[in-house]
Amino acid sequence: MVEKKKTTIILFSGDYDKAMAAYIIANGAAAYDHEVTIFHTFWGLNALRKEELVPVKKGFMEKMFAKMMPRGADNMGLSNMHFAGMGPKLIKNVMKKHNAVPLPNLIEMAQEQDIKLVACTMTMDLLGLQQEELLDGIEYAGVAAYLADAEDGNVNLFI
Amino acid sequence: MVEKKKTTIILFSGDYDKAMAAYIIANGAAAYDHEVTIFHTFWGLNALRKEELVPVKKGFMEKMFAKMMPRGADNMGLSNMHFAGMGPKLIKNVMKKHNAVPLPNLIEMAQEQDIKLVACTMTMDLLGLQQEELLDGIEYAGVAAYLADAEDGNVNLFI
Amino acid sequence: MVEKKKTTIILFSGDYDKAMAAYIIANGAAAYDHEVTIFHTFWGLNALRKEELVPVKKGFMEKMFAKMMPRGADNMGLSNMHFAGMGPKLIKNVMKKHNAVPLPNLIEMAQEQDIKLVACTMTMDLLGLQQEELLDGIEYAGVAAYLADAEDGNVNLFI
């Protein structure tokens, strides 16, 4: 039996375009039969947030964080300053015109392709995010689990 | 026959300093006899734009993108906010003083060292960039070609 | 004798949160018995600056750079725009509340775990940084040394 190739991506960034790049590479790798993991940490966790407000108990600072951070992939901003003004809206129009797949659908596609979506528990704690607020069907782990995957990875990226 | 080591870099960023880092690593790896590919996607495509305006037919949004994005390596901005004011000009003066190689020359050097410069066709389409607008001698490919290179890569980076 | 696994990280970013991510991964990898190198280049060099002002002779531009760049890990800013206003102070309060380890301590921990901290001599020269201004016990090298480490690396990241 041939062992599967492995791709791991740390998604640190909370930018719409960077998350798109991460999910396009991940979906591509899964299509080429790689075993793929996306490990979401820091602002990258926002891609996994549910769009609706989930009523959970939080301290003051955690509430503030929760308010300031975008809820879900569709609400994330762009990495590129020049476009920050019109930004995501423009990109989404252009994407529609060119039949490109929007980020929320790329995430769905990843889940259908059995890409392992992991939320970093340490930074969830730091940013006050709770499991109820994140998408269903994802896993929760720390840096040790990431390293166990990545040390046998063929393609390891930090985005 | 010993197989060559392989380095692949995804250049996503449109920042002058990040592109410099990418090209310095790439040129170094080529000098150490690696087979090297730089895969330009999203804002990283700007490093491959010709400086002169190339007359091509574009839709409205594509024209706007083309106008807002820097034409070529020499016109890219800096990643670091504190320097955004004086930014690239200052860096270029400092580089001249220290005999560092400017980005356009690093790109030339890469082409002379047979580093494979690839433009991501999917994001070219998204940003409305056409082949005539990009440097001669580069290749055009998608995520599948990237993965084929990267899965045997010794050093794979996302910049 | 089994060969040790290897992790190499290029820390290009001068952002507090990105440097935290780099050092958390590095310390984790060292705990799992990897041989770990963090190669600090461009703004990532700021993480290695001593907090106190070190009197060294500099030209005008180098003085200006030295003034504009943060002196040491504790003074670095955040990557995420939304938090740039309150930013690092808020993050540090949250970290204290959640017993997370602050960046300067993560760097100390890395040194205790024999993680190789390298400063990129080419960008030190560019930014006018001198060895006296950086932490004790670090190494000085260029892109060739990085590649020698990374080409046998299991996990290679650019942060």
Side-chain angles (χ1 to χ4, degrees), chain B residues 2-13 15-36 38 44 78-87 89-102 106 150 152-159, chain C residues 6-15 18 39-46 58-70 75-81 84 87 120-129 141-159:
Chain B
V2 187
E3 232 178 278
K4 274 194 168 195
K5 302 258 178 180
K6 256 192 184 181
T7 292
T8 77
I9 295 173
I10 296 179
L11 183 57
F12 171 95
S13 167
D15 301 320
Y16 190 93
D17 45 346
K18 283 197 168 176
M20 260 189 77
Y23 273 89
I24 289 170
I25 296 166
N27 278 310
Y32 284 89
D33 215 33
H34 283 215
E35 211 179 296
V36 186
I38 309 181
L78 281 187
S79 72
N80 196 305
M81 289 302 105
H82 303 294
F83 295 94
M86 334 176 285
K89 198 145 192 185
L90 177 65
I91 276 275
K92 278 174 211 164
N93 282 342
V94 173
M95 282 173 61
K96 204 181 253 173
K97 189 177 158 191
H98 291 279
N99 301 312
V101 185
L106 286 171
D152 305 319
N154 297 76
V155 183
N156 298 318
L157 304 172
F158 183 99
I159 296 186
Chain C
K6 256 189 184 184
T7 291
T8 76
I9 295 172
I10 296 180
L11 183 56
F12 171 96
S13 166
D15 301 320
K18 284 199 170 174
F39 189 84
H40 300 71
T41 189
F42 281 86
W43 323 106
L45 285 168
N46 291 325
K58 296 200 183 208
F60 174 70
M61 283 198 292
E62 286 76 9
K63 259 188 210 151
M64 208 159 67
F65 266 121
K67 230 182 175 163
M68 290 171 77
M69 296 190 305
N75 296 307
M76 290 158 78
L78 280 187
S79 72
N80 195 304
M81 288 305 105
C120 168
T121 46
M122 194 213 88
T123 44
M124 278 179 68
D125 189 43
L126 211 60
L127 302 175
L129 289 173
V143 71
Y146 164 71
L147 285 164
D149 272 336
E151 70 179 23
D152 305 319
N154 297 75
V155 183
N156 298 318
L157 304 171
F158 182 99
I159 297 185

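The basis for the numbers below is simple: all heavy atoms, side chains too, and nothing from hydrogens, waters or symmetry mates. Residue numbers start from 1 in every chain, and the chains themselves are labelled A, B, ... in the order their sequence lines are given, proteins ahead of strands.
- Nearest heavy atom pair, residue B/I24 against residue C/V143, reads O-CG2, 4.2 Å.
- Contacts between C/D152 and chain B at a heavy-atom distance below 4.5 Å involve the side chain alone, from C-beta outward.
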(Q) Walk me through whether B/S79 and C/W43 qualify under side-chain contact (heavy atoms from CB on, under 4.5 Å). (A) CA-CA 10 Å; B/S79 72; C/W43 323 106; 3.5 Å; yes
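- The CG atom of B/D17 sits 4.0 Å away from the CZ atom of C/F12 when rounded to the nearest 0.5 Å.
- If you take CD1 on C/I159 and CD1 on B/I159, they are separated by 12.0 Å, rounding to the nearest 0.5 Å.
- Heavy atoms only, all atoms of each residue included: B/M20 and C/M122 are closest at CE-CE, 4.4 Å.
- Only the side chain of B/Y32 comes within contact range of chain C, with at least one heavy atom under 4.5 Å from a heavy atom of that chain.
- Looking at B/A100, only its side chain comes within 4.5 Å of chain C, counting heavy atoms on both sides.
- Interface residue B/N156: only backbone heavy atoms are found under 4.5 Å from chain C.
- Both the backbone and the side chain of B/K18 come within less than 4.5 Å of a heavy atom in chain C.
- Put simply, NZ on B/K5 and CG on C/L147 are 11.0 Å apart, with the number rounded to the nearest 0.5 Å.
- Looking at C/F158 and B/I9, their side chains never come closer than 4.5 Å, going by heavy atoms from C-beta outward.
- Electrostatic pairing of C/D125 and B/K97 does not count as a salt bridge here, judged by no charged N lying under 4.0 Å from a carboxylate O.
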